[in-house]
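If you're wondering where the values come from, they're calculated on a predicted model, not measured in any experiment. Each chain gets a letter, A, B and so on, in the order the sequences are listed, and its residues count up from 1.
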Amino acid sequence: MLKVRLPDGSVRQFTHRVRPIDVAAEIGSRLAKATVAAVVDGHVVGADTPLPSDGEISLRLLTNKDPEALAVLRHSCAHVMARAVMRLFEGVRLAFGPTTATGFYYDMDLEHSISEDDFPAIEAEMAKIIKQDEEFERIERPRDEAIALCRELDQPLKVEHIEEGLADHPTLSFYRQGEFVDLCRGPHIPRAGMIKAFKLLSVAGAYWKGDSSRKQLQRLYGTAFFSKADLEAHLKAVEEAKRRDHRVLGKQLDLFTISPLVGAGMILWLPRGAIIRSELENFIREELVRRDYEPVYTPHLGHVELYETSGHFPYYADSQFAPIEMNPGERYLVKPMNCPHHVMIYKARRRSYRDLPLRLAEFGTVYRYEQSGELTGMTRVRGFTQDDAHLFCTEDQVADEFRGCLEMTRFVLETLGLTDYRVRLGFRDPASDKYVGSEESWQRAEASLEAVCREMDLPRLDVERGEAAFYGPKADFVVADCLGREWQLGTVQLDYNLPSKERFGLEYTGPDNRPHQPVMIHRAPLGSLERFVGMLIEHFAGAFPLWLAPEQVRVLSVSERAESYGRKIEAKLRAAHLRVRGDYRAEKLGGKIRDAQLMKIPYMFVVGTKDMEQGTVSVRDRIEGDLGAMTLEKAIEHLQDEIATKRVRQVAKSSVRLIETAEGSEY
RNA sequence: GCUAGCGUAGCUCAAUUGGCAGAGCAGCUGAUUUGUAAUCAGCAGGUUGUGGGUUCAAGUCCCUCCGCUAGCUCCA
């Protein structure tokens with residue numbers, strides 16, 4: 001006998017073998033019709049999956065209201081799409097077709113190169129399939145039969161996957177819908193007709209099993225919903241997100257530009273963007289002083305041998321600008337990292353344990369030859385400045401220093417109202433040989449790093465194997481951009497290797513008057529200023545908090561009669577260290593306000609003849625609108641207070657989310 | 001780097017089948033003197049990313065390179 005516990009706490013008993021859909025039918029025929037899938041003891045299963053014949057389970061029926069159901073729907077839609085493509089083109093070999101946070105894709109290999117021009121035909125075929133409203137039927141087969149079936153279906157990629165990736169599965173499942181049979185773990189929606197709205201979005205290349213040495217397949221992206229309204233809302237949200245893309249806003253607000261003549265991936269900071277950057281740098285500098293860092297400066301070049309010693313040159317040769325050869329044997333590298341230079345500052349004299357921790361900080365500009373297809377606005381560039389620092393400390397100081405770095409990063413992010421990030425602990429992949437250093441030092445480093453992070457209760461902390469730097473484990477602060485793509489910002493990395501004898505052989509004299517090896521910590525709270533500002537542009541949708549705003553106040557004259565008064569106000573604001581400009585054009589006030597609003601200027605001081613007579617300014621707040629007339633002194637005080645406290649008044653909410661839903665299917 | 005798509009005025013975009021390169025905004029000039037999200041008019045602005053090819057004729061078709069976009073791979 002099976003006891004089924006439902007979410008409302010009620011328990012139903014079944015003496016015969018039942019499926020979730022049967023449980024639903026017993027509750028009500030309308031529920032049965034609406035049931036998309038079910039969650040049994042925390043696992044999503046199909047509505048027709050037989051439940052155990054006895055014992056006790058918890059069951060939650062999923063309808064189109066549940067987010068888990070949407071993933072099931074999308075995965076089914078991926079099947080429908082693959083089926084449509086197979087109907088339209090010859091020789092389609094299927095690979096993987098999982099769901100993503102916002103839709104689904106299917107990777108396939110076929111002769112015909114699919115372009116967006118093919119989308120209408122594919123969508124029309126999909127619509128036909130959905131209209132037929134056929135069931136998704138689950139079929140299970142033992143391994144050898146499954147392989148034979150995939151061979152018969154002429155699906156070599158599926159055969160390969162069963163033989164390699166699914167080697168430990170004794171039986172495999174397939175889903176059939178009409179003539180279409182696909183190796184698939186499921187689950188699926190009961191009938192194709194449940195897909196009420198779908199759209200193909202894009203096509204791109206994707207390597208088979210994510211391996212760039214293997215064949216490149218065609219990946220077709222799409223999304224699906226339970227209603228047309230949901231689809232339209234989603235597409236609208238994506239459009240809105242695109243409007244606050246930093247590349248769009250950077251142009252509109254005159255923040256930065258990129259010139260092909262200067263070079264792809266090289267940011268030219270326009271005056272307005274440069275203000276944001278320099279304010280951030282000042283903010284970081286103040287924190288460095290508070291936290292007892294010592295600023296240093298180092299050159300942009302270094303001998304290749306320096307980077308051979310550090311290991312960067314051999315390891316990252318492909319992604320560096322080629323060495324500059326001046327004379328035979330005299331080769332310089334444009335620096336791809338600041339650490340070797342800072343190491344040489346450490347080595348400039350003998351160090352005592354009394355000198356430690358030594359914290360050397362520099363806004364260091366580095367150059368890396370990123371692959372051309374990787375370049376993206378400010379977020380992935382070839383030249384960038386890190387708010388870098390290297391800490392040299394004793395083994396005993398590691399935990400405290402590491403914690404200090406994490407705290408500074410967290411403080412900086414939170415000051416900017418950036419609370420929506422995750423922390424990724426990048427550990428070594430034990431199966432890979434790309435790492436330098438001993439097994440023992442890696443274990444020690446990973447253990448102490450994880451202990452500190454756990455104790456600090458960092459948001460959404462998770463360990464990712466294979467994400468370490470080649471010289472040590474790290475904690476990365478990762479945020480998503482307005483289109484849901486994740487970017488690494490701040491980073492704190494532990495390094496037992498550069499100081500080692502095999503590398504730079506760093507030493508300090510301990511209290512025992514004997515040489516010891518220090519530990520290095522690499523850290524950058526913002527990471528790259530380019531990427532960070534790119535993120536900030538999207539985070540604030542271009543409307544920066546007052547302390548960062550390139551233009552903090554704009555003086556708007558109502559008419560020519562108030563111009564000279566306006567210019568006096570402007571001068572006084574400038575004298576009060578506010579970033580101000582005046583708009584004395586022969587435009588109507590409404591027009592000037594509109595221009596200032598579009599440039600996201602936080603405050604507008606409107607001056608007309610009334611203000612001139614009363615000695616006031618009429619303050620308009622970008623967010624609140626007209627605040628009325630007040631004395632200039634009061635207005636300045638108001639602004640200076642907002643600047644001093646670095647107040648964040650408004651943050652653009654991300655409309656496209658990186659959602660927590662797990663990938664839908666593994667095959 | 002790979003796959004696919006794209007590149008027209010400073011910006012956003014038009015230009016039937018290959019058939020005289022156009023608009024709005026921005027800019028400049030003039031008029032207007034305005035009280036909380038667009039005042040009016042005129043002018044100017046281009047070797048259609050680069051180099052080659054096909055054609056009587058190329059923004060449009062083909063090739064090269066450069067750049068951009070999406071995704072993959074990479075990311076010290």
Side-chain angles (χ1 to χ4, degrees), chain A residues 100 105 107 113-118 201-221 242 245 247-248 251-252 254 257-261 263-265 307 310-313 315-316 318-320 335-340 366 368-377 380-381 386 388 426 434 436 467-472 474 476 483 485 487-488 491 493 495 498 522 524 528 531 556-563 584-598 604-611 618-622 625-629:
Chain A
T100 65
Y105 63 79
D107 286 348
S113 172
I114 297 175
S115 80
E116 290 190 16
D117 297 340
D118 297 315
L201 298 173
S202 62
V203 58
Y207 298 107
W208 170 230
K209 299 205 168 179
D211 181 346
S212 60
S213 66
R214 298 211 211 199
K215 191 181 189 88
Q216 191 160 35
L217 310 170
Q218 300 189 58
R219 176 172 294 180
L220 208 44
Y221 281 90
K242 280 184 184 162
D245 188 315
R247 292 164 295 190
V248 174
K251 204 174 270 184
Q252 278 170 8
D254 293 326
T257 190
I258 298 167
S259 150
L261 192 56
Y307 289 96
S310 73
H312 291 104
F313 181 68
Y315 197 83
Y316 291 104
D318 291 348
S319 48
Q320 283 166 1
K335 74 177 174 188
M337 279 297 278
N338 300 304
C339 33
V366 297
R368 299 177 186 174
Y369 194 79
E370 303 288 357
Q371 301 181 85
S372 58
E374 275 308 330
L375 303 174
T376 303
R380 192 77 189 267
V381 294
Q386 299 172 309
D388 211 356
K434 74 172 195 176
V436 298
E467 288 293 321
F470 75 92
Y471 50 73
K474 57 180 183 170
D476 289 333
L483 296 172
R485 294 174 293 204
W487 299 95
Q488 176 195 311
T491 184
Q493 313 182 350
D495 184 358
L498 284 188
H522 309 237
S528 128
R531 176 176 295 172
L556 310 179
S557 56
V558 175
S559 79
E560 206 178 330
R561 283 185 287 165
E563 181 176 342
Y584 310 111
R585 293 173 302 165
E587 291 289 327
K588 291 176 76 167
L589 181 61
K592 295 184 188 185
I593 286 172
R594 181 168 191 274
D595 290 344
Q597 290 279 155
L598 290 175
M604 286 150 262
F605 286 3
V606 174
V607 291
T609 47
K610 273 184 259 169
D611 296 290
S618 297
V619 177
R620 183 186 164 96
D621 181 298
R622 190 190 63 81
D626 192 359
L627 301 183

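Taking 4.0 angstrom as the limit, A:Ser115 places none of its side-chain polar atoms (N or O) nearer than this to OP1 or OP2 of B:A4. Using a 4.0 Å cut-off, some side-chain N or O of A:Arg561 falls inside it from OP1 or OP2 of B:U34.
Taking atom CD on A:Gln252 and atom C1' on B:A37, their separation rounds to 15 Å, with Å as the unit. Atom CD1 in A:Ile593 sits roughly 12 Å away from atom C1' in B:A38 (whole-Å rounding). Going from atom OH of A:Tyr221 over to atom C1' of B:A4 covers 12 Å, rounded to whole Å. Atom OH in A:Tyr369 sits about 18 Å away from atom C1' in B:A76, given to the nearest Å. Here the P atom of nucleotide B:C72 and the CG atom of A:Leu220 are 14 Å apart, to the nearest Å. When the P atom of B:A37 is taken as reference, atom CZ of A:Arg622 falls 15 Å away, rounded to whole Å. Across the protein-nucleic acid pair, A:Leu375 atom CG and B:C68 atom P stand 6 Å apart, rounded to whole Å. One atom, CG of A:Asp107, and another, P of B:A4, lie 15 Å apart when rounded to the nearest Å.
Side-chain to base pairing of A:Ser618 with B:G35: one donor and one acceptor N or O lie within less than 3.5 Å of each other. On a pure distance criterion of 3.5 Å, no polar donor-acceptor pair joins the side chain of A:Tyr207 and the base of B:G71. For A:Arg214 and B:C72, a side-chain-to-base donor-acceptor distance below 3.5 Å is absent, hydrogens and geometry of angles not being considered. Checked by distance alone, A:Ser319 brings a side-chain donor or acceptor within 3.5 Å of a matching partner on the base of B:A76. The base of B:G35 does not come close enough to the side chain of A:Asp626 for any donor and acceptor atom to sit less than 3.5 Å apart.
In this structure, A:Gln597 reaches the bases: a heavy-atom distance under 4.0 Å links it to at least one base atom across the strands shown. As judged by a 4.0 angstrom heavy-atom cut-off over every strand, A:Glu467 is placed among residues making no nucleic acid contact. Across all strands shown, A:Lys242 has no heavy atoms under 4.0 Å from either base or sugar-phosphate atoms. Nucleic acid contact for A:Asp211: none, since no nucleic acid atom lies under 4.0 Å from a heavy atom of the residue. Using a 4.0 Å heavy-atom distance criterion, A:Gly210 is classed as a sugar-phosphate-only contact. The residue A:Ser212 sits close only to the backbone: its heavy atoms come under 4.0 Å of sugar-phosphate atoms, none of a base. Using a 4.0 Å heavy-atom cutoff across all strands shown, A:Lys215 reaches no nucleic acid atom at all. Using a 4.0 Å heavy-atom criterion, one finds that A:Tyr315 contacts no nucleic acid atom at all.
Side-chain atoms of A:Thr491 and A:His522, non-hydrogen and from C-beta on, never get closer than 4.5 Å to each other. Side-chain contact between A:Met604 and A:Lys592: absent, with no pair of heavy atoms (C-beta onward) separated by less than 4.5 Å. Residues A:Pro340 and A:His312 are in side-chain contact: their nearest non-hydrogen atoms beyond the backbone lie under 4.5 Å apart. Side-chain contact between A:Lys251 and A:Thr257 is absent, with no heavy atoms from C-beta onward closer than 4.5 Å.
Side chain of A:Val606, nearest nucleotide from B:A38, B:A76, B:U36: B:U36. Side chain of A:Arg247, nearest nucleotide from B:G1, B:U69, B:G5: B:U69. Closest to the A:Arg380 side chain, of the nucleotides B:C75, B:U36, B:A76, is B:C75. Comparing B:G35, B:A37, B:A70 against the side chain of A:Arg485 picks out B:A70 as the nearest. The nucleotide whose nearest atom lies closest to any side-chain atom of A:Lys251 is, among B:U12, B:C72, B:U36, B:U12. Here the nucleotide nearest the side chain of A:Leu598, chosen from B:A37, B:A76, B:C74, is B:A37.
With respect to the salt-bridge test (charged N to carboxylate O, under 4.0 angstrom), the residues A:Arg247 and A:Asp245 qualify.
In summary, the aromatic rings of A:Phe470 and A:Tyr316 are positioned with their centroids under 6.0 Å apart.
With sequence neighbours excluded, the residues satisfying side-chain hydrogen bond (donor to acceptor under 3.5 Å, both in side chains) with A:Tyr221 are A:Arg219.
Taking the P atoms as reference points, B:A70 lies 49 Å from B:U34, given to the whole Å. Distance noted for atom P between B:C74 and B:G49: 35 Å (whole Å).
Using a 5.5 Å limit on the distance between ring centres and a 30° limit on the angle between planes, the aromatic ring of A:Tyr316 counts as stacked on the six-membered base ring of B:A76.
Other residues, nucleotides and ligands place no more than 12 heavy atoms under 6.0 Å from the NZ atom of A:Lys588. A:Lys434 NZ: more than 12 foreign heavy atoms inside a 6.0 Å radius.
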Reading 5' to 3' through nucleotides 39-48 of chain B, protein heavy-atom contacts under 4.0 Å coded B for base, S for sugar-phosphate only, - for none: B---------
Dot-bracket notation for RNA chain B, counting Watson-Crick and G-U pairs under 3.5 Å, with | for partners on another strand: (((((((..((((.....[..)))).(((((.......))))).....(.(((..]....))).))))))))....
